[in-house]
Amino acid sequence: MKQYEFWFVVGSQYLYGPEVLETVAARAAEMAEQLSGKLPYKLVYKVTAKTNQEITDVVKEANYDDACAGIVTWCHTFSPSKMWINGLASLQKPYCHLATQYNKEIPNEEIDMDFMNLNQAAHGDREHGFIAARLRMPRKVIAGYWQDEKAQTRLGDWMKAAVGVAVSKSMKVMRFGDNMREVAVTEGDKVEVQTKLGWQVNTWAVGDLVKEMNAVTEAEIDAQMAVYTASYDVATDDIAAIRYQAKEEIAIKKMMDAEGCKAFSNTFQDLYGMEQLPGLASQHLMAQDYGYGGEGDWKVAAMTAILKAMGEGGNGASAFMEDYTYHLVEGQEYSLGAHMLEVCPSVAAGKPRIETHFLGIGMNEKDPARLVFEGKAGKAIVVSLVDMGGRLRLIVQDIEAVKPIMPMPNLPVARVMWKAMPNLTTGVECWITAGGAHHTVLSYDVSAEQMRDWARMMDIEFVHITKDTTPEKLEEELFLKDLAWKLK
Ligand code: MN
């Protein structure tokens, strides 16, 4: 992701004379350089814009340049905003207005009219903000002193969400087999998703995968086994089952890399010619930041890859997840999340174990190898993208993951346990009312605010279930949003 950068575009005008403009340009360059050392991506000072032409030119260049993941604007002085209209109206990249100021304090002795004319961001940023509001620009507004950690963290978080936009627009998903028969929520309009989010979602034959698997050499499998044994504890004697998963992983990865795909889906209903559902194979691919969705769920597959990209350099993880079962004892109300096999080891609290167990669902001739572990504790979110027919809705719920309160020694899969906000039953009522799926991306790394930013930039509906959400307020919100989105 390090190839991405952001452009710093500073507004001004000719009114103040060349000396002020030189000062503004020098300070803007200094700020971009210092901020680049603190932010997850480089901030490149581009221009002190004084004319309509300069703004239009820099926007055209930003639109065209794949390395530019967004623009950050600021007005050191006053910058009349009619000259921003043509440029902003053609902007196709994420846009953040950083309402800051070069100096932190008002200097009591030094301040005079010259100082005020140079340092009038409070004035200039309001004019700039108006035109973006007037143009209904989807943008992020961040106010704060540029050297303060809080402002820098917020700008960095927004940058990561904007990189999520760039990743989304180039997302390719490889589907092996169709969606699980009769399931509604994993369906969706692939043409709409490509138009809105940029995703290219296409299918490849399971037979082609089997052909690729048959071409994998013993030496390639040996190398993959060395990676597995270095990363995980082997807790099975069935080495052949692990080798089979290695073969599956190598073949899937080769096919995805050949097509430039960053996510894939498959289904237990279509494993024709395969001995095992990919378990360890899918899990280890997710550990390498590929997205995955079970039962043909290509939406959650792409979202998993996007959240992983957004969370790069973070301290946690993002994983394909499924709400499986509840613990409804008063005072100890938890959701237990897992999947048939495919839980990403990036959420593991300890070192995962490779185990083999019988799997009755699907057409497994042999017991598939999978990673078994407990998820880590911590604040997190679950994210679901659903197709409402005519538009996409992104639902985010705040959760708190805990160390599972019981060992569950006979559960043969990885597990994560959490408390949903505002509490289990109200949280479930809200989630179901909003139409959230059973599949989600669970992330310890990406925040709800970042997902809100991403949804705004992608121009899709956003619903956030928090500690303060009530079913009554949510029902009203969904009703009004339904009307609003029909008018859009
Ligand atoms: Mn599932």
Inter-residue atom distance Glu30.CD - Thr23.OG1, 0.5 Å rounding: 11.5 Å

Around atom NZ of Lys379, are there more than 12 heavy atoms of other residues, nucleotides or ligands at under 6.0 Å? no

Under the salt bridge (charged side-chain N to carboxylate O under 4.0 Å, His left out) rule, what pairs show up with a residue in residues 461-471, not counting sequence neighbours? Arg391-Glu461, Arg393-Glu461

So how far is it from Leu155 CG to Gln152 CD, rounded to the nearest 0.5 Å? 8.5 Å

Verify the neighbour count for atom CD of Glu33: are there more than 12 heavy atoms of other residues, nucleotides or ligands below 6.0 Å? no

Glu477 and Lys473 ion-paired at < 4.0 Å: no

Do Val383 and Ser443 touch side chain to side chain, with heavy atoms closer than 4.5 Å? no

Evaluate the criterion side-chain contact (heavy atoms from CB on, under 4.5 Å) for residue pair Val300 and Leu385; output intermediate values, then yes/no. CA-CA 7 Å; Val300 83; Leu385 180 74; over 6 Å; no

Only pairs at least two apart or in different chains count here, so list each salt bridge (charged side-chain N to carboxylate O under 4.0 Å, His left out) that has a residue in residues 57-83. Lys46-Glu61

Here the pair of heavy atoms bringing Ala338 nearest to Ala414 is CB-O, 3.3 Å

Minimum side-chain heavy-atom gap Pro94-Trp158 below 4.5 Å: yes

Checking side chain to side chain contact (heavy atoms under 4.5 Å, CB included) between Met310 and each of Asp445, Val446, Val165, Val163, which is the one that passes? Val446

Hey, is CD1 on Ile111 packed in by over 12 heavy atoms from elsewhere, all under 6.0 Å? yes

Should the heavy atoms of other residues, nucleotides or ligands under 6.0 Å from CE of Met116 be counted, would the total exceed 12? no

Just jot down the salt bridge (Lys or Arg N to Asp or Glu O under 4.0 Å) partners of Lys38, sequence neighbours excluded, or say none. none

Nearest 0.5 angstrom please: Glu322 CD to Asp297 CG, how far? 9.5 Å

Quick check: does any side chain N or O of Tyr334 sit under 3.5 Å from a backbone N or O of Val402, one acting as donor and the other as acceptor? no

Taking the six-membered ring for Trp, are Phe78 and His123 parallel (under 30°), tilted (30 to 60°) or perpendicular (over 60°)? tilted

With a cut-off of 6.0 Å (strictly less than), are more than 12 heavy atoms of other residues, nucleotides or ligands near NZ of Lys42? no

When you look at CD of Glu475, are more than 12 heavy atoms from neighbouring residues, nucleotides or ligands closer to it than 6.0 Å? no

Sequence neighbours left out, what pairs pass side chain to side chain donor-acceptor pair (under 3.5 Å) with at least one residue falling in residues 417-427? Asn423-Thr425, Asn423-Thr426

Give a yes or no on whether the backbone of Arg134 and the side-chain of Arg136 come within a donor-acceptor separation of less than 3.5 Å. yes

Would a distance-only check, ignoring hydrogens and angles, find a side-chain to backbone donor-acceptor pair under 3.5 Å from Trp7 to Cys68? no

Mind telling me whether His284 and Tyr232 have parallel, tilted or perpendicular rings, with 30° and 60° as the class edges? perpendicular

Check: Thr77 main-chain N/O paired with Gln120 side-chain donor or acceptor under 3.5 Å: no

Side chain to side chain donor-acceptor pair (under 3.5 Å) partners for Asp453, two or more places apart: Lys140, Arg456

What I'd like to find out is whether the side chain of Pro138 reaches to under 4.5 Å of the side chain of Asp459, using heavy atoms alone. no

Do the side chains of Glu249 and Lys253 get close enough for a salt bridge, i.e. N-O under 4.0 angstrom? no

Inter- and intrachain pairs under salt bridge (charged side-chain N to carboxylate O under 4.0 Å, His left out), touching residues 153-168, at least two apart: Arg154-Glu449

Ile395 CD1 to Trp431 CH2 distance, which is reported to the nearest 0.5 Å: 5.5 Å

Note, Met451 side chain near Met303 side chain (heavy atom, < 4.5 Å): yes

Least distance between heavy atoms, Ser12 atom then Thr48 atom: CB-CG2, 3.8 Å

Sub-3.5 Å donor-acceptor pair from the side chain of Gln101 to the main-chain atoms of Asn103, do we have one? yes

Ile405 and Met417 have their tightest heavy-atom pair at N-SD, 3.4 Å

Can you list the residues that meet the salt bridge (Lys or Arg N to Asp or Glu O under 4.0 Å) rule with Lys190, with sequence neighbours excluded? none

With a 4.5 Å heavy-atom cut-off, do Phe373 and Leu371 have their side chains touching? yes

Report the residues that fulfil side chain to side chain donor-acceptor pair (under 3.5 Å) with Thr466, sequence neighbours left out, ordered by chain and then residue number. Thr469

Tell me, do Lys104 and Asp148 make a side-chain contact under 4.5 Å, heavy atoms counted? yes

What's the separation between atom CG in Leu88 and atom OH in Tyr95, rounded to the nearest 0.5 Å? 5.0 Å

Residue Gln34 excluded, over 12 heavy atoms near CD under 6.0 Å: yes

Minimum side-chain heavy-atom gap Leu392-Asp387 below 4.5 Å: yes

Tell me whether the rings of Phe264 and Phe176 are parallel (<30°), tilted (30 to 60°) or perpendicular (>60°). perpendicular

Would you kindly check if the NZ (Lys) or CZ (Arg) of Lys262 is within the cone defined by 45 degrees around the ring axis of Tyr290 and under 6.0 Å from the six-membered ring centre? yes

Compute whether any side-chain donor of one residue and acceptor of the other, for Glu295 and His339, lie under 3.5 angstrom apart. yes

If you compare all heavy atoms of Ala49 against all heavy atoms of Ile55, which two are closest, and at what distance to 0.1 Å? CB-CG1, 3.5 Å

List for me each residue that meets ring-ring contact (aromatic ring centres under 6.0 Å, His included) alongside His97, sequence neighbours excluded, and say none if there are none. His128

I'd like to check the side chain to side chain donor-acceptor pair (under 3.5 Å) partners of Arg415; sequence neighbours left out, ordered by chain and number. none

Set of residues satisfying side chain to side chain donor-acceptor pair (under 3.5 Å) with respect to Tyr292, sequence neighbours excluded: Asn266, Glu342

Can you name the closest pair of heavy atoms from Ser79 and Cys75 and give their distance? CB-SG, 4.0 Å

Quick check: does any side chain N or O of His76 sit under 3.5 Å from a backbone N or O of Leu118, one acting as donor and the other as acceptor? yes

Sub-4.5 Å side-chain heavy-atom contact between Leu341 and Ser282: no

Which pair of heavy atoms, one from Trp454 and one from Ala161, lies closest together, and at what distance? CD1-O, 3.6 Å

Would Gln200 and Glu259 satisfy side-chain hydrogen bond (donor to acceptor under 3.5 Å, both in side chains), going step by step from the backbone distance to the final call? CA-CA 11 Å; Gln200 301 167 58; Glu259 296 291 340; over 6 Å; no

Does anything in residues 161-175 pair up under salt bridge (charged side-chain N to carboxylate O under 4.0 Å, His left out), and if so which pairs, sequence neighbours excluded? Arg175-Asp178

